[in-house]
Number of protein chains: 2
Amino acid sequence: MFLGTYRHAVDSKGRVAVPARFREQLPTGTVISKGAEGCLQLYPPQEWAREQGLRLGSTTPAEERRLARMMFGAARECEFDAQGRIVLSADQRQYAGIANVAWVVGVNNLIEIWNDDNWRHIGEATPEEYTRIQDQVAERRRAPST
Amino acid sequence: MFLGTYRHAVDSKGRVAVPARFREQLPTGTVISKGAEGCLQLYPPQEWAREQGLRLGSTTPAEERRLARMMFGAARECEFDAQGRIVLSADQRQYAGIANVAWVVGVNNLIEIWNDDNWRHIGEATPEEYTRIQDQVAERRRAPST
DNA sequence: CTCACCGTCCCCACTTTTCCCCACTTTGTG
DNA sequence: CACAAAGTGGGGAAAAGTGGGGACGGTGAG
């Protein structure tokens, strides 16, 4: 279980420290790829395995083909240095719009990496906003047909 | 079962004492996160487990992605020091508007942490208000569709 | 084929934060 | 009134995060 938001520096070599709390839960075989809303996502092996359902074949619909290409094409296995940092490739930094700072966020089963603006926009919430969204999801769950 | 309201100090390091009565009911694995109306909430493990259904994957709808990010991003596993205190992160203190004092409130299955103003506003009630709200809830239960 | 350049990774040193420990104050209880 | 339990405050060691130098290997140009 990954919890919490951490603001970390990204140095000139593209390195970001993964919080120690997360690192100790990440076995080798962890994968980093692109995610929705312009973030990067770290998948522990067991979570990555769930995404294996997404495959190319003669009967795969166009949308899934596209998703599979983006997701797997952008993916890489994570390599930690002795300080617990991973390197974000130029490509990944560009996709996420990351320059000197990154927000590393634990989202239950995954870890996400965001730039300043996007995280402020998506992740931070005023009490009013938070209350509204919580109620919205609760409502939807109660009446899933809508 | 958590009952009662306690007014505790928050020191310069962001630490708050959890009342001893509550602490003895809290096993390891207790989680603190943001709650509705600008409070913080402490979930004992069995309560937190209910929230685990919310996961990220390539098929998670947008609203749930948003809620998951806010909720888990703001959460932390509680770590008690030898004096029975937990640390509220700067982020959590800002969300709840907590500076030097916090109200720690037992609300049956959860524990909530409030700042002065909000708690006065939400928690204290005149007899008239109390009656009105009780009737309102009773009404809704009778006709859940509204 | 050789050399220069670039990117990657490994290592070391410094800074900042966290958390562990101790001591004091206050509250509640016998 | 005295003792015990609960809450408060702060100092210091250890861990986590940050930044940069330099070796190694691969690539492309001359």
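Chain letters run A, B, ... following the sequence lines, proteins first and then strands; every chain starts at 1.
- The CD-P distance, from B:E77 to C:dC19, rounds to 12 Å in whole Å.
- Within 4.0 Å of A:V18, counting heavy atoms only, lie sugar-phosphate atoms of the nucleic acid but no base atom.
- Distance CG (A:N100) to C1' (D:dG17): 16 Å, rounded to an integer number of Å.
- Atom CZ of B:R21 and atom P of D:dA5 are 14 Å apart (whole Å).
- Between the side chain of A:N118 and the backbone N or O of A:C39 there is no donor-acceptor pair closer than 3.5 Å.
- Toward the 5′ end of DNA chain D lies the nearest nucleotide of A:E24, the other residue of the pair A:E24 and A:V10 mapping further downstream.
- In this model, no side-chain donor or acceptor of A:R15 finds a partner on the base of D:dG17 within 3.5 Å.
- The distance from atom OG1 of B:T30 to atom CD of B:E77, rounded to the nearest 0.5 Å, is 8.0 Å.
- For A:N109 (side chain) and B:L56 (main-chain N/O), a donor-acceptor pair under 3.5 Å exists by modelled atom type.
- Applying the side chain to side chain contact (heavy atoms under 4.5 Å, CB included) test between A:L42 and each of A:V104, A:L110, A:I86 identifies A:I86 as the sole match.
- Note that the OG1 atom of B:T59 and the CG atom of A:L67 stand 10.0 Å from one another [nearest 0.5 Å].
- In this structure, B:D11 places its CG atom 18 Å from P of C:dC22, rounding to the nearest Å.
- Residue B:K13 contributes atom NZ, which lies 13 Å from atom P of C:dC21 at whole-angstrom precision.
- A distance of 14.5 Å separates CH2 of B:W103 from CD of B:E112, quoted to the nearest 0.5 Å.
- Less than 4.0 Å separates DNA chain C from at least one heavy atom of each of the following residues of residues 80-96 of chain A: A:Q83, A:R85.
- Taking CD of A:E124 as the reference point, atom NZ of B:K34 lies at 6.5 Å (rounded to 0.5 Å).
- Rounded to whole angstrom, the span from the NE2 atom of B:H8 across to the P atom of D:dA5 amounts to 17 Å.
- Among the heavy atoms of the strands lying under 4.0 Å from B:R23 are primed sugar atoms or P, OP1, OP2 only; no base atom is included.
- At the heavy-atom level, B:R7 lies nowhere under 4.0 Å from the strands shown.
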